[in-house]
Amino acid sequence: MKSTINKEFFYKPTLQLAKDLLGCHLVHITDDLVLSGRIVETEAYMGPGDRAAHSFQNRRTKRTEIMFHEPGLIYTYQMHTHTLINIVCGEIDSPEAVLIRALEPIEGIEKMMEFRKNQPISNLTNGPGKLTKALNITMSSYGKPSWLPPVYLTEGTKPEHISSGPRIGIDNSGEAKDYPWRFWITGNRFISR
DNA sequence: ATCATGATAGCCT
DNA sequence: GGCTATCATGATT
């Protein structure tokens, strides 16, 4: 069992945290089930100045509210038919977040296959909507701490090398679409594309 | 490559 | 209350 991350871990610049989350494990534990994966791809959303961020221009609404709170909390939101999971970053009142875009399946792979309608292992968690389905993560995690069960992070194995590039799915975000704020473990086969 | 899906959010009247 | 868009995915052409 990997050791749990403590909340001090989250007090660092968001771009650094986006990289430091690579290699950590995301775990969902319930009474009779452990589902986990190693984070292999993330994206940083930099708040008021980032046109791709929900909190652009400090937009503070019911949905974005949690990003104004302490780092390490879970920000989930619904996108079409999928739930996406982010980790809140930045100091209080600095509404930044890191989106978890892909995992490498670790524990509970058989069960993940059930949740993912018998997809092959290579297609279980290689996208932000897929991984929440595989780990059975829903909107009920909104605002919960990511350093405590049931949905939490643990230390994993550090990546050997990290790559970066433009974020995905934000073509309507002006100049922000080209910022290299997507990070992934170089060569990993579970990245989203 | 395009399209349907369909759950809110956010913004307008 | 209506309208439009969305940090995606799976199925279809």
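First the proteins, then the strands, lettered A, B, ... as listed; each starts at 1.
As judged by a 4.0 angstrom heavy-atom cut-off over every strand, A:Ile170 is placed among residues touching the sugar-phosphate backbone only. Residue A:Arg167 is out of contact with every strand shown, counting any heavy-atom pair closer than 4.0 Å. Across all strands, A:Arg193 comes closer than 4.0 Å to no nucleic acid atom at all (heavy-atom distances). Note on A:Lys133: nothing from the nucleic acid sits closer than 4.0 angstrom, heavy atoms only.
Side-chain polar atoms of A:Arg101 and A:Ser192 form a donor-acceptor pair below 3.5 angstrom. Counted by atom type alone, A:Thr138 and A:Thr83 present zero donor-acceptor pairs between their side chains at under 3.5 Å.
In this entry the distance linking CG of A:Leu84 with P of C:dA5 reads 20 Å, nearest Å. Atom CD1 in A:Ile137 sits about 20 Å away from atom P in C:dC7, given to the nearest Å. Computed from coordinates, the A:Phe56 CZ to C:dT6 C1' distance equals 16 Å when rounded to whole Å. Residue A:Ile85 contributes atom CD1, which lies 15 Å from atom P of C:dA8 at whole-angstrom precision.
Of the listed nucleotides (B:dA9, C:dT6, C:dC7), B:dA9 has the atom at the smallest distance from the side chain of A:Thr61. Candidate nucleotides B:dG10, B:dA7, C:dC7 were compared by shortest atom distance to the side chain of A:Gln78, and B:dA7 ranks first. Of the candidate nucleotides C:dT6, B:dG6, B:dG10, B:dG10 has the atom lying nearest to any side-chain atom of A:Thr64. Ranking B:dG10, C:dT9, C:dC7 by closeness to the A:Arg59 side chain, first place goes to B:dG10.
When ring centroids are compared, A:Tyr77 and A:His54 come within the 6.0 Å threshold.
Under the 6.0 Å distance and 45° angle rule, A:Arg60 counts as a cation-pi partner of A:Phe68.
With rounding to the nearest 0.5 Å, the separation of CD in A:Glu41 from CG in A:Asn188 is 9.5 Å.
Residue ring and nucleobase are not stacked for A:Tyr77 and C:dC7 under a centre distance beneath 5.5 angstrom and an angle between planes beneath 30°.
Between A:Lys62 and A:His82, the residue anchored closer to the 5' end of DNA chain B is A:His82, taking for each the nucleotide with the nearest heavy atom.
Base pairing analysis places C:dC7 opposite nothing; no Watson-Crick or G-U wobble pair with both distances below 3.5 Å involves it.
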